[in-house]
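These notes are about the structure you will find just below.
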Amino acid sequence: MPELPEVETIKRGLEKHLVGHKILEVKILDLKIFSGKKENLINGQVLAIKRVGKGLIIEFTNEYSLAIHVKMTGQLIYQGPKAMPLSPKVGGVLPNKHTRVIFILDRSAKLFYNDVRRFGWLKVILKNDVMSLPFFKGMGPEPFKDLTVEYLEKIFSKINTPIKTLLMDQAKIGGIGNIYANEALWQVKINPKRMANELTRSEVKRLYKAIHDVMEESIRHGASSSENYVDALGQEGRYQEHFEVYGRTGEQCNRCGNKIERIVIGGRGTFVCMRCQV
DNA sequence: ACCTAAACCTGGGCGC
DNA sequence: TGCGCCCAGGTTTAGG
């Protein structure tokens with residue numbers, strides 16, 4: 001699922017390829033996922049790309065921004081004039097049947113938004129209003145930015161919910177989703193069912209480091225394409241090859257050899273080694 | 001206020 | 001072959 005490392009990788013790709021382009025035309029193929037006036041983007045030049053949690057913001061030289069959330073199955077793919085082979089997850093050719101928006105750019109380039117499940121959204125909005133969107137407004141501190149051990153100790157101590165559920169709560173911590181919550185907890189041998197307020201100081205400290213470690217490693221490997229994630233050029237990441245627990249039900253734990261189990265916490269699939277995660 | 005669970009979607013995998 | 005069912009899950013919304 002696109003979480004911080006996946007969205008960060010898309011962001012870096014767009015910074016490299018999309019910045020400087022001008023939008024000539026916007027073709028909206030699915031009204032459900034697009035809001036705001038597309039006219040406000042026409043002839044706008046892309047100035048900067050920002051990421052807030054799992055959300056993206058494309059800023060233009062005029063007073064507008066395009067806020068984007070790809071949710072689970074959204075893909076944002078840039079195609080320059082020289083076509084480059086795309087991952088099979090994109091279907092090889094664009095547009096495909098899941099293409100929801102096509103941005104026609106100057107210099108014979110295009111930007112496609114594909115989304116199988118149609119949960120994602122794109123909003124044209126005044127720059128000054130972006131952070132007042134409910135999604136951005138409620139975002140908690142983020143790894144690699146303003147998240148600190150002291151903050152984690154503070155919120156953990158007063159929240160009575162399983163640690164894994166809390167890690168994925170965007171209002172408390174921005175950017176962590178199911179993959180990295182599972183992976184970080186395995187790294188520090190903490191059972192995802194443990195209540196957040198029962199963690200020791202040392203566990204919180206190690207968890208803080210593990211969150212950064214797994215995400216940094218993921219970004220280094222081009223993020224995770226366990227589902228249909230691809231980067232801004234339609235290429236797959238490789239971090240799924242390094243998963244220790246996520247999606248590995250029935251396989252052996254690389255640390256103790258026990259079988260990885262799938263349990264449900266907060267209505268979400270959770271992967272855990274019941275022997276070494278206590 | 002705090003916590004849980006359903007709803008939103010579609011395609012893929014499974015059992016029959 | 002095909003039908004029905006379950007599952008994936010980030011965020012919002014509704015309910016306890």
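Letters go in sequence order (proteins before strands), and every chain restarts at 1. Because the structure is a prediction, the values reported are computed rather than measured.
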Starting at CG of A:Asn160 and ending at C1' of B:dA1, how long is that distance when rounded to a whole Å?
13 Å
Once you round it to whole Å, what is the distance between P of C:dT11 and CG of A:Asp115?
13 Å
Donor-acceptor pair, distance only, cut-off 3.5 Å: does the side chain of A:His69 make one with the backbone of A:Gly55?
no
Determine whether any donor atom in the side chain of A:Arg117 lies under 3.5 Å from an acceptor atom in the base of C:dA8, or the reverse, and answer yes or no.
yes
Please check this pair: side chain of A:Arg100 against backbone of A:Tyr113, looking for a donor-acceptor N/O pair closer than 3.5 Å.
no
State which of C:dA8, C:dG9, C:dT11 makes the closest approach to the side chain of A:Arg262.
C:dA8
To the nearest angstrom, the NZ-P distance between A:Lys89 and B:dG12 comes to 11 Å
Among C:dT11, B:dT4, B:dG11, the one nearest any side-chain atom of A:His98 is B:dG11
OP1 or OP2 of C:dG10 less than 4.0 angstrom from a side-chain nitrogen or oxygen of A:Gln170, does that happen here?
no
Rounded to whole angstroms, how far apart are CZ on A:Phe135 and P on C:dG10?
11 Å
Return the value, rounded to whole Å, for the distance between atom CG of A:Asp169 and atom C1' of B:dC3.
11 Å
Tell me: CD1 of A:Ile33 to C1' of B:dT10, nearest whole Å?
15 Å
Whole Å only: how far is the CZ atom of A:Phe243 from the C1' atom of C:dA8?
13 Å
Let me know the distance between CE of A:Met168 and P of C:dA8, rounded to the nearest Å.
12 Å
Where the side chain of A:Arg268 is concerned, which of B:dC9, B:dC3, C:dG10 is the nearest nucleotide?
C:dG10
Report yes or no: does A:Thr270 contribute a side-chain atom to a donor-acceptor pair with the main-chain N or O of A:Arg268 at less than 3.5 Å?
yes
Does A:Thr165 make a side-chain N or O approach to OP1 or OP2 of B:dT4 shorter than 4.0 Å?
no
Donor-acceptor contact below 3.5 Å, side chain A:Arg255 vs main chain A:Trp186
yes
How do A:Glu227 and A:Pro134 order along DNA chain C: which one's closest nucleotide is nearer the 5' end?
A:Glu227
Any donor-acceptor pair under 3.5 Å from A:Glu153 side chain to A:Glu150 backbone
no
Any A:Lys71 side-chain N or O less than 4.0 Å from OP1/OP2 of B:dC9:
no
Could you work out which one of B:dG11, B:dT4, B:dC3 sits closest to the side chain of A:Lys97?
B:dG11
Which nucleotide, if any, forms a Watson-Crick or G-U wobble pair with C:dC6, using both distances under 3.5 Å?
B:dG12
Would you indicate which nucleotide in C:dA8, B:dG11, B:dC9 comes nearest to any side-chain atom of A:Lys32?
B:dC9
Considering only heavy side-chain atoms of A:Lys54, the closest of B:dT4, C:dG10, C:dG9 is C:dG10
